[in-house]
Amino acid sequence: MSEAALASHVTPQNLRDLVGRFYGRARQDELLGPVFDAAVADWDHHLDHIAAFWSSSLLGVGRFTGRPMGAHMRHPITPPMFDRWLALWGQATAEIYEPDIAAALQARAARIAESFKLGLFYRPADHDPARQA
């Protein structure tokens with residue numbers, strides 16, 4: 001899907017609605033909820049901040065500032081959490097958007113999740129053949 005087509009259906013306001021719906025589920029999730037509860041003190045601010053991230057990422061609008069990787073490194077995140085995060089994101093996007101828009105948002109989230117997994121867990125030295133001999 002082109003960026004223009006995506007931008008014609010996705011707005012900062014419906015992204016904020018999406019983020020609110022997603023985090024409502026994530027906070028109740030037995031795997032993700034405890035991490036979010038420990039990490040977020042001001043939910044209104046957090047939801048606005050994450051919506052700004054998505055608006056900047058998808059629409060090129062907004063004034064997102066922050067270092068998402070650094071923020072996530074401070075928390076006890078495990079690889080299985082990404083699968084759960086993507087499943088909840090998939091549910092929320094499917095409820096708000098038409099299937100092609102939801103699929104585009106799900107694909108973008110999958111790329112972000114992969115990037116985060118690499119940043120949080122991949123250590124080149126662990127894959128060095130010389131060290132494994």
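Note that the numbering runs from 1 along the sequence shown for the chain.
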Close side-chain approach of Arg16 and Asp48, heavy atoms under 4.5 Å: yes
Close side-chain approach of Arg21 to Glu95, heavy-atom, < 4.5 Å: yes
If you round to the nearest 0.5 Å, how far is [atom2] of [Y] from [atom1] of [X]?
{"X": "Leu15", "Y": "Leu47", "atom1": "CG", "atom2": "CG", "result": "12.5 Å"}
{"X": "Ile50", "Y": "His45", "atom1": "CD1", "atom2": "NE2", "result": "9.0 Å"}
{"X": "Arg25", "Y": "Gln91", "atom1": "CZ", "atom2": "CD", "result": "5.0 Å"}
{"X": "Tyr97", "Y": "Asn14", "atom1": "OH", "atom2": "CG", "result": "3.5 Å"}
{"X": "Leu105", "Y": "Ile96", "atom1": "CG", "atom2": "CD1", "result": "9.5 Å"}
{"X": "Phe82", "Y": "Ile112", "atom1": "CZ", "atom2": "CD1", "result": "11.0 Å"}

Listed partners of Glu114 passing salt bridge (charged side-chain N to carboxylate O under 4.0 Å, His left out), at least two apart: Lys117
Test salt bridge (charged side-chain N to carboxylate O under 4.0 Å, His left out) applied to Asp17 - qualifying residues, sequence neighbours left out: none
Within 45° cone of Trp43 ring axis and under 6.0 Å: Arg27 NZ or CZ: yes
Plane angle bin for Tyr23 and Phe36 - parallel if under 30°, tilted between 30 and 60°, otherwise perpendicular: perpendicular
Trp89 and Trp54 aromatic ring geometry - parallel, tilted or perpendicular at 30°/60° bounds: parallel
CA sep, side-chain torsions, deciding dist, call: Met81, Val35, side-chain contact (heavy atoms from CB on, under 4.5 Å): CA-CA 10 Å; Met81 291 178 175; Val35 175; 3.6 Å; yes
Electrostatic pair Glu30-Arg84, nearest N-O below 4.0 angstrom: no
Nearest non-hydrogen partners of Thr93 and Ala102, listed with the distance: O-CB, 3.6 Å
Closest approach of Leu88 to Ala26 (non-hydrogen atoms, all atoms of both residues): CD1-CA, 3.8 Å
Any donor-acceptor N/O pair, Ser57 side chain to Phe53 backbone, under 3.5 Å: no
side-chain hydrogen bond (donor to acceptor under 3.5 Å, both in side chains) partners for Asp83, two or more places apart: none
